Every structure is written in C-alpha cells, then in structure tokens.
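For reference, the structure I am asking about is given below.
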Protein chains: 2
Amino acid sequence: MRPKNLAKEEAIRLIALQIISEEGLENLSMQKLAKAANISPRTIYIKYENKEDLLIKLFIDEVLGKYEKAILENFDPKMAFADGMKRLWLNTFHYLRNNKPAFSLIRYGKSSPLLNKAFQDKNIQQGAFFAPIHTFLKTNVQAGLIPDLPHDVHSALLFSPIQDLVAEYFDHLDRPVQIITEKVILTSCEIVIKGILK
Amino acid sequence: MRPKNLAKEEAIRLIALQIISEEGLENLSMQKLAKAANISPRTIYIKYENKEDLLIKLFIDEVLGKYEKAILENFDPKMAFADGMKRLWLNTFHYLRNNKPAFSLIRYGKSSPLLNKAFQDKNIQQGAFFAPIHTFLKTNVQAGLIPDLPHDVHSALLFSPIQDLVAEYFDHLDRPVQIITEKVILTSCEIVIKGILK
DNA sequence: TTAATAAGTAAACAATCGTTTACTTATTTT
DNA sequence: AAAATAAGTAAACGATTGTTTACTTATTAA
C-alpha cells in the first residue's frame, strides 16, 4: 500500500496552528487549511475524523504534549524549591517565546468549551499533565516550606503570572523597547516565590 | 419615527454572550443568534455594522465596561495596599462568579486576535481600562511599598491568579465539593500581597 | 509484474455562513 | 389624519462551511 506522507501530516498541523494564531480559532476552516497546506480537503479526513478531532489532537498531543516536555526539561521534582520554580518559569518563557502558534492555541484552551473539556477529560482519563510538578509541590508542602492548598490553587498562584507575562511579551513585540526580558521574568518569579514560602 | 426596542437590543447582547459561553465563540453565528433571540437577522444589522462590530462592542462596552465598574466598587486608590488588593480580588470573584457569560468572553479576549486588538486599541485611544488601579499601584511604588515594575508586570503578578481561580471555580461547579471559596480567594490574595511587598 | 490497497485528488454535496433586498409595521411630527 | 421615516420582518443572495463521492496515484506483497 501507499505509505502516509508524513510531511503532509506535519504541514496540516503546522499551518492549522499558524491560521489559529494569526486569524483566530473562529476563522479556521477545513477548506482554508487544505488550500494553505496545498492539499485536498479529503486528505485531512484521512488523518483526522473531523474538525473537532483535528482540534483536540492538535491541542492535546501536538501542543500540550510538546509544551509539557519543554517545560520539564532539566527539571527534577527533588530540586530546591526556588531553583525548581525558576527552572519552570524560564523553560516556559523560552519555549513559548519561540512558539507563538502553540501559545495561541494554549490560550484558546482556556476559552473554548471544546478544548477546555478535552483538557479535563485527558487529565482524568490518561493521567494529569505536568505530573512532576504535582510531585514537586506536594514534596514542598510535606517539607513544610509552602502552605497546603489544593493543587489548582497552587497552580494559579505559581504559574498564572508567567503565562500572562508571555502574552505581554508578544503584545510588545512590535514596540521599540521590549519590557518583558529574561531579567523581568526572573524578578517576577522571585516575587511569586517570596509570596508562597511560609 | 418608530423607536428602537431596547428589550430586543439587550436580548441580542445577552443571548450572544450565552451562546459564546456555552458553545464557544467559534460556534456563534448571526443566524443562530437571531433565531435564539426570536428576531430577524436584519434587526442585528440595525444595531451593529456587522459581526465583528457586534463582537467588539459586546466585548468592550458590554462586558469590559460592566466588569470594570463592578471591580472598582468601593475601591479607592488611596486605600491601604492590602485593603485595596483584597477589595479588588473579592470584587472580581463576586462579579465573575455571577456572570459566567461575561467571564467567557473576557477569556476569549486573550485568545482571539480580533478582541485582543480591540482591547489594545481602546486602551490607547480612549484611555486605559482600570485607570484607578494604575493610580493605586503607582502610589504604592512611590510610597516605597512595592517594587517599581512596568504596569503590565504588576498586573500579571497581582491579578493573573484571581482570574485563573475564577476559571477553576467554574470548572468545579459540577463537583460535590467546591474548593474555590471566598476563604481560599482571601488566602491566595494574602500570598500575592506578601510576595509583592518589599 | 501484477493484484491489492491505502493515500491522495478534484469536484461536488447539502447546510449554513454573513449579509442584503424588498417590504411591512409602528411611531412621531406636521 | 396623514406624511415621513426608522425599526423590524420574511425571504433570499452568493459565498463558504464541514464533509463525501468518485476517481487516480503510488507503493507493497505475492
């Protein structure tokens, strides 16, 4: 049989992300995607059941999967708390800064009911994303370093700001001076650490 | 001449928000909206130029306008720092908790290029949203209480977590025990305050 | 070398999209 | 009471939507 053309499969995912990032999820259509990827609409349906299936797989496997891997690079749950936090923040900053299309879809993951549901389902059925971070926080609670709060609360307190700082990095891209620098990220991370430490 | 039916105008806005909240911005269509509001599609075009105009006005005037008003209730830039922060956090929590459709569109404001651009344009041309918060932070920088960082950085550090906590409140709505309570909000706010104070 | 078969294409499907045309209704001003 | 006029409706416009049908191409296993 004729083998799959993996280059076309990758083109679909790459260009879908590009359209979402530049024009918005609400302006992505299968026909626009096919045309931009220089393939027939039918080809997308060989690789994905339908549009929702494409979006969910793009979000869960392609975007969140790679994002998780990038964030956890050189991170170990046994690291000292402040070191671990700085590693996670810098990894987030570096990865997202260089992957705007991925960041765009991640943002839609918090708005779109479809993607939000897909994320929750995945977390329940196949184990949570960012499991090492769970362990890291749990360990530091048990060590008495940080207060014992639900994981979702920890997550909001410790990682929401870095996500918004990345958004601000992109918002400032076309301006003469970039205010969101690595130094600002580290300063911000230290402020967050100071708040959570008992 | 025949006067505008204000009830219909409000129905359009209300039902548009409802559809966006339940089905997502990507599933809002003018015909669906008209049918749900029990009016002719043409009626929407009497009040709004086109779909983009409707979305932008819904976002800027209806949602962000009311949101700003609600957050600043009983807030004064001259309040003590911790008091002001707690006021802003609790106002945010109370308002958004009771206005899920508004919260949904606010979330889309950070993903959708159209809405994001509209927000930035508005902030530049007609003065920033949440101006009293600007003043509040500036005052506390000058008083030497908090570090002198760009406003966007302050904003990410001090208010990103409360937005995500509200999202988690809604995510937990159907579960037996609500973990995002007013007490958790206040505890979280105190942690953020502790981090930023010099 | 050929039979088998999945990958891929071009073109089209009904349904729906955003928007408009042609018309009626309701209200105000004269 | 009638002229003027914006608000609103029903129906339809061409374009585009997600998806499929009918067909061709490229590859592998026999």
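Every chain is numbered from 1, with letters handed out A, B, ... down the list of sequences. Values in this document were obtained by computation on a predicted structure and should not be read as measured data.
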### Task
Please name all residues satisfying ring pair (Phe, Tyr, Trp, His ring centres under 6.0 Å) with Tyr108(A), sequence neighbours left out, ordered by chain then number.
none
### Message
Distance check needed: dA6(D) P versus Ile44(B) CD1, whole Å only.
### Response
21 Å
### Query
With no hydrogens and no angle check, do the side chains of Gln163(A) and Ser160(B) hold a donor and an acceptor under 3.5 Å apart?
no
### Query
Nearest to the side chain of Ile46(A), which nucleotide is it out of dA7(C), dG18(C), dT17(D)?
dA7(C)
#### Entry: Sub-6.0 Å ring centroid separation between Phe136(A) and Phe81(A)
yes
### Query
Glu9(B) CD to dA6(D) P: how many Å, rounded?
16 Å
### Task
Give a yes or no on whether a salt bridge exists between Arg13(B) and Asp61(B), defined as a side-chain N under 4.0 angstrom from a carboxylate O.
no
### Message
From OH of Tyr48(B) over to P of dT19(C), roughly how many Å is that when rounded to an integer?
### Response
14 Å
### Task
To the nearest Å, give me how far apart NZ (Lys8(A)) and P (dT27(D)) are.
10 Å
### Query
If you look at every strand shown and take non-hydrogen atoms under 4.0 Å, does Leu28(B) touch a base, only sugar-phosphate, or nothing?
sugar-phosphate
#### Entry: Pairwise 5' ranking along DNA chain C for Lys32(B) and Lys47(A), keeping only the more 5' one
Lys47(A)
### Query
For Gln31(B) and dA15(D), what is the distance between atoms CD and P respectively, to the nearest whole Å?
16 Å
### Summary
note: Leu54(A), atom CG; dT17(D), atom C1'; distance rounded to Å ~ 15 Å
### Task
Would you mind reading off the distance between Ile19(A) atom CD1 and dG18(D) atom P, rounded to a whole angstrom?
11 Å
### Atom-to-atom span, NZ of Lys51(A) to C1' of dT17(D) - whole angstrom
8 Å
### Message
Could you check whether Lys194(B) pairs with Glu190(B) (Lys NZ or Arg NE/NH1/NH2 to Asp/Glu carboxylate O, under 4.0 Å)?
### Response
no
### Message
My understanding is that only residues two or more places apart in sequence, or in another chain, count here; which of them pass salt bridge (Lys or Arg N to Asp or Glu O under 4.0 Å) with Lys35(B)?
### Response
none
### Message
Just to be sure I understand the rule, does Thr43(A) reach a base, reach only the sugar-phosphate, or reach nothing, if contact means heavy atoms closer than 4.0 Å?
### Response
base
### Presence of salt bridge, Arg107(B) and Asp164(B), under 4.0 angstrom
yes
Could you list, one pair per line, each protein nitrogen or oxygen that sits under 3.5 Å from a nitrogen or oxygen of nucleotides 20-25 of chain D, together with the distance?
| from | atom 1 | to | atom 2 | distance (Å) |
| --- | --- | --- | --- | --- |
| dT25(D) | O2 | Arg2(A) | NH1 | 2.9 |

